[in-house]
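Some notes on the structure that comes next.
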Amino acid sequence: MTETGTGDAQAFYGRWMRLYDLLAHRTPGIAALRRRAVEACRLEPGDTVVEMGCGTGANLPVLRSAVGPEGTVVGIDFTAPVLERARDLTERYDNVHVVRGDATTPPVSEPIDAVLATFVVGMLSDPAGAVEDWSRLVESGGHVVLVNAARSQRWYGPPVNAIFRAITVLSTPPTTKLRYETEPTRRLDERINQAHTALRENADAVAHETHALGVVRLTGGRIG
Ligand SMILES: C[S@@+](CC[C@H](N)C(=O)[O-])C[C@H]1O[C@@H](n2cnc3c(N)ncnc32)[C@H](O)[C@@H]1O
């Protein structure tokens with residue numbers, strides 16, 4: 001089940017696609033973070049990986065490098081304009097496929113080796129359920145990797161979190177419920193915690209790390 005403001009989210013990402021694309025590629029540290037997320041997928045040449053909510057496709061070339069010309073990369077997103085950008089970015093690869101679909105009911109029928117979702121689960125109304133479903137798509141020994149931004153738990157968290165709150169308000173689709181929560185980051189934190197907890201519970205080995213002053217959480221789980 002997706003967020004109640006699904007149409008609003010698509011309109012928002014469609015309207016702000018160019019700005020979002022710039023941030024997705026140019027935010028300081030983001031390229032290294034994307035490489036780290038793909039490393040956590042532990043892909044081998046020839047593997048198949050699905051990215052849920054791929055947006056403008058910033059992870060897709062990195063995933064393609066990891067699986068090589070024999071592998072398969074599928075990016076799924078429900079917002080048409082961002083997918084066009086992702087298609088342009090990956091058109092030189094015949095084994096990268098960009099598909100319009102809902103990440104909570106992904107059009108995946110073949111067994112896959114990994115699922116990656118970066119900055120997506122905070123937009124889902126049932127993030128834990130989505131992670132459980134994604135874990136079922138992955139073959140035994142495969143990986144599910146989540147990257148998300150949430151409030152920092154570190155001692156210097158308050159000023160960092162004030163900036164994070166402003167960014168959250170500005171970057172959340174304006175008519176979704178999340179935007180109008182009294183404390184918008186609280187609901188986002190809850191969703192992210194639910195998703196990362198579900199991954200830990202569904203995995204038989206877990207790697208967890210934080211980046212960007214504790215704001216970014218990366219959890220990778222091996223599915224038994
Ligand atoms: C913050 S962007 C992140 C994009 C990309 N993963 C990245 O790291 O740059 C969130 C993306 O998730 C997509 N999205 C949100 N909910 C979705 C759903 N239920 N199904 C498919 N795409 C979804 C949005 O359209 C948007 O492109």
Side-chain angles (χ1 to χ4, degrees), residues 1-38 40-41 49-63 73-90 96-108 114-131 133-134 137 144-150 164 167-179 184-185 188 191-192 195 211-212 215-218:
M1 191 178 19
T2 56
E3 169 66 303
T4 45
T6 289
D8 304 320
Q10 291 177 43
F12 177 82
Y13 281 102
R15 190 176 316 121
W16 295 103
M17 186 273 286
R18 283 177 196 284
L19 176 61
Y20 180 74
D21 188 42
L22 197 68
L23 294 173
H25 284 92
R26 300 286 171 82
T27 300
I30 193 78
L33 182 65
R34 293 188 187 285
R35 286 195 298 275
R36 187 71 203 107
V38 171
C41 292
V49 55
V50 174
E51 183 181 0
M52 304 294 180
C54 65
T56 54
N59 293 322
L60 297 175
V62 195
L63 290 167
V73 178
V74 180
I76 297 172
D77 202 290
F78 63 15
T79 305
V82 301
L83 283 179
E84 280 168 31
R85 173 74 184 116
R87 278 198 189 101
D88 290 346
L89 189 71
T90 57
V96 178
H97 309 283
V98 173
V99 178
R100 189 166 187 202
D102 190 329
T104 62
T105 51
V108 175
V115 167
L116 173 64
T118 60
F119 310 112
V120 174
V121 294
M123 297 178 65
L124 306 180
S125 60
D126 180 12
V131 169
D133 291 345
W134 298 344
L137 295 176
V144 175
V145 174
L146 304 176
V147 176
N148 290 290
F164 177 61
I167 294 170
T168 302
V169 169
L170 288 173
S171 62
T172 303
T175 47
T176 59
K177 212 171 118 208
L178 184 59
R179 173 88 174 241
T185 48
L188 185 66
R191 289 180 178 177
I192 288 166
H211 299 265
V215 168
V216 173
R217 301 174 193 182
L218 187 160

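Every number for a ligand or one of its atoms is a count from 1 in the order of the listing. Both backbone and side-chain heavy atoms feed into the values below; hydrogens, waters and symmetry mates do not. Values in this document were obtained by computation on a predicted structure and should not be read as measured data. Numbers for residues simply follow the sequence, beginning at 1.
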* To do: State, yes or no, whether a side-chain contact exists between Pro61 and Leu89 at a heavy-atom distance under 4.5 Å.
  => yes
* Kindly indicate whether the side chain of Asn59, heavy atoms from C-beta on, has any atom under 4.5 Å from the side chain of Leu116. => yes
* Heavy atom under 4.0 Å from ligand 1: found in Leu124's side chain, backbone, both, or neither? -> side chain
* Should Val73 and Glu51 count as side-chain neighbours, where that means a heavy-atom distance under 4.5 Å? -> no
* Is the shortest heavy-atom distance from the side chain of Val147 to the side chain of Arg34 under 4.5 Å? -> no
* Asked: With atoms numbered from 1 as shown, which atoms in ligand 1 lie under 4.0 angstrom from a non-hydrogen atom of Asp102?
  -> 18 (C), 19 (N), 20 (N)
* Structure fact -> The answer for which part of Met52 has a heavy atom under 4.0 Å from ligand 1 is neither
* Numbered atoms of ligand 1 (with element) below 4.0 Å of Glu51, judged on heavy atoms -> 6 (N)
* Are Ile192 and Pro127 side-chain neighbours, meaning at least one heavy-atom pair lies under 4.5 Å? -> no
* Asked: Taking N or O atoms only and a 3.5 Å limit, does Thr104 qualify as a polar contact for ligand 1?
  -> no
* **Interfacing atoms of ligand 1 (cut-off 4.0 Å, heavy-atom, Gly101)** => 20 (N), 21 (C)
* **Heavy-atom side-chain contact between Phe119 and Leu146 under 4.5 Å** => no
* Look at atom 6 (N) of ligand 1 and find which of Ala24, Gly55, Cys54, Gly53 reaches it with the closest heavy atom. => Gly53
* Find all atoms of ligand 1 within a distance of less than 4.0 Å from any non-hydrogen atom belonging to Arg34, and give their numbers and elements. => 7 (C), 8 (O), 9 (O)
* Asked: At the 4.0 Å heavy-atom cut-off, does Gln10 count as touching ligand 1?
  -> no
* **Heavy-atom side-chain contact between Val98 and Leu60 under 4.5 Å** => yes
* Quick one: look at Ala103 and ligand 1, take heavy-atom pairs under 4.0 Å, and tell me if it's side chain, backbone, both or neither. => both
* **Short N or O distance, Met123 and ligand 1, threshold 3.5 Å exclusive** => no
* Check the pair Asp133, Thr104 against side-chain hydrogen bond (donor to acceptor under 3.5 Å, both in side chains), reporting the backbone distance first and the verdict last. => CA-CA 8 Å; Asp133 291 345; Thr104 62; over 6 Å; no
* Structure fact -> Heavy-atom proximity to atom 26 (C) of ligand 1 ranks first, among Thr118, Asp77, Asp21, Thr56, for Asp77
